[in-house]
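So the structure is just underneath, and the comments pick up after that.
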Amino acid sequence: MKLIFTLFVSVVFALVGRSQTLTVNGTIAASSGTGPGWAPTSFPVDTDPLKNGDPLSATLIVTGFDFSALPPNATISGFQVVITKSAGGTTVSDNLISLRKAGVTVGTNKASASIWANTNTASNYGGISDLWGSTWTPADLNATFGVAIQAIRGTANGTDKALVASVSVTVNYLILAPIILTSFDISKTADNHVSIIWSTATEDNVKFMYIERSADGRNFSPIFSITPVGARNKYTRYAVTDKTPVQGANYYRLKEVDFDGNVSYFDIKAITITKSGPRFQAFYSGADIKVNLSSIKGEYLLSMYDAGGSHIRSQALNIPSNSFQTSLPAPQRAGVYIVTLRGEGINETARIFVGK
């Protein structure tokens, strides 16, 4: 079959992806700066009483957040921090709630003026689209990433103390869909071929696209392999023509394989082809090359060639009836192959794709 391949590109103004979250707990506590320190070195941690003339605590630095499950191609959209805390007294409040990047406190201070409760209470900071006044990549969420917490006592004299029981961080992120498929259409041509046209709005990390065909809607085999343009945030149009559809129902679908080895399948479309006269079909079954013949009798030569025209093998056929099936051993290497049937005034060719 001859592959007809056309591309049209135009700009799209929005990226589409899958929004996801990942929540992890901090595991290490340390403190820095002047003021009453935090002890012990694991949760829960508390300050000594915020003594007279020393209303600010040292800065509690919480690290140990394991974000290794975050995909390296994620686009970070926001952070939510939950601090479970309490106070011994009635005047303790936040002085500093910030994120740390590369070992440095950065961005917005989310400290609240609310008084800490006397029992453990979970307080929320940030949101799904709040980047805390900084820019972030997955690489920033490493061992140096953390949360900085500082408490303040509101009275001139007192022995109020602060306790932090746990700190968790939820990162909100976006993973672009490998392919945003905007259309996938099939139609029958005047010569009983099948035209397959599809469009994508973006292609991200896509290694190959395949058009697969099935006669029963369940068992599919690839008939075209397409290297994607790789246009991100742009429309791309593709078109191929299947010149050897099977008699009756033909089912088609698009398969995508990304560079990480992930596979995606898209909606199946079906069309019915009715032919008359001699018919020759060859397709890769996963183990061998199946050959179906109908409305043909007599002696024929079945041959296989690689895409460069080099002969691989041949098989003589003596077809006794109008319906006949046979097979050829599948080549060991993946690729495009040509199967021909010649004899009794017939010269038929099928182009197949062998996947491994």
Side-chain angles (χ1 to χ4, degrees), residues 20-50 54-70 76-134 136 140-155 158-173:
Q20 301 184 47
T21 62
L22 177 62
T23 301
V24 295
N25 295 316
T27 59
I28 302 172
S31 62
S32 67
T34 60
W38 299 78
T41 57
S42 61
F43 291 120
V45 293
D46 63 83
T47 65
D48 293 331
L50 297 172
D54 208 358
L56 286 176
S57 74
T59 301
L60 175 66
I61 299 172
V62 182
T63 57
F65 297 94
D66 182 6
F67 283 105
S68 58
L70 186 68
I76 296 172
S77 57
F79 293 93
Q80 296 164 292
V81 175
V82 177
I83 303 174
T84 301
K85 60 193 181 183
S86 62
T90 59
T91 68
V92 177
S93 61
D94 301 341
N95 187 66
L96 174 69
I97 306 292
S98 290
L99 298 181
R100 290 173 61 84
K101 177 167 57 176
V104 178
T105 300
V106 297
T108 307
N109 181 0
K110 298 288 184 179
S112 167
S114 299
I115 299 299
W116 290 22
N118 294 133
T119 57
N120 276 342
T121 303
S123 298
N124 295 274
Y125 303 87
I128 61 173
S129 58
D130 190 341
L131 291 173
W132 294 56
S134 188
W136 301 87
D140 294 325
L141 307 190
N142 53 28
T144 65
F145 172 84
V147 178
I149 304 169
Q150 188 180 48
I152 185 170
R153 173 174 51 79
T155 60
T159 57
D160 292 355
K161 67 189 315 184
L163 183 142
V164 174
S166 65
V167 178
S168 68
V169 175
T170 298
V171 60
N172 298 267
Y173 63 94

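Bear in mind that the values here come from a model prediction, so they are computed numbers and not experimental data.
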I need the [X] [atom1] to [Y] [atom2] distance, nearest 0.5 Å.
X	Y	atom1	atom2	answer
D48	T159	CG	OG1	11.5 Å
I115	D160	CD1	CG	9.0 Å
S86	W116	OG	CH2	8.0 Å
D140	I76	CG	CD1	7.0 Å
T91	R153	OG1	CZ	6.5 Å
S123	K110	OG	NZ	14.5 Å

Min side-chain heavy-atom separation [X]-[Y] under 4.5 Å:
X	Y	result
V169	V147	yes
T144	T63	no
F65	L141	no
I83	I149	yes
N25	V167	no
D130	F79	no
V81	L99	yes

For [X] against [Y], the heavy-atom pair lying closest together:
X	Y	result
T59	A148	CG2-CB, 3.9 Å
P40	V45	O-CG1, 3.3 Å
S68	D66	OG-OD1, 2.8 Å
T108	S98	O-OG, 3.2 Å
L96	A111	N-CB, 3.9 Å
L22	L70	CD2-N, 3.8 Å

Open item on the list: For a quick check under 3.5 Å, do T84 and N120 share a side-chain donor-acceptor pair by atom type?
Closed with: no

TODO: Hey, could you give me each pair passing salt bridge (Lys or Arg N to Asp or Glu O under 4.0 Å) that has a residue in residues 80-109? Not counting sequence neighbours.
DONE: K85-D94

- [ ] For side-chain contact (heavy atoms from CB on, under 4.5 Å), just list the numbers for V62 and I28, CA-CA rounded to whole Å, side-chain angles, deciding distance to a tenth of an Å, and then say yes or no.
- [x] CA-CA 6 Å; V62 182; I28 302 172; over 6 Å; no

Hey, is the main chain of [Y] close enough, under 3.5 Å, to the side chain of [X] for a donor-acceptor pair?
X	Y	answer
S134	V106	no
N118	A87	yes
T47	P49	no
N109	I97	yes

Task: Residue that, paired with Q150, satisfies side chain to side chain contact (heavy atoms under 4.5 Å, CB included) out of S57, S32, S31 - done: S57

TODO: Begin with the C-alpha distance, continue with both residues' side-chain angles, and end with the deciding distance and a verdict on side chain to side chain donor-acceptor pair (under 3.5 Å) for N172 and S77.
DONE: CA-CA 5 Å; N172 298 267; S77 57; 5.6 Å; no

TODO: Quick one: sort the Y125 and W132 rings into parallel, tilted or perpendicular, breaks at 30° and 60°.
DONE: tilted

Task: W136 vs Y173, ring-ring contact (aromatic ring centres under 6.0 Å, His included): CA-CA, chis, key distance, verdict - done: CA-CA 11 Å; W136 301 87; Y173 63 94; over 10 Å; no

Open item on the list: Centre-to-centre under 6.0 Å for F43 and W38, is that the case here?
Closed with: no

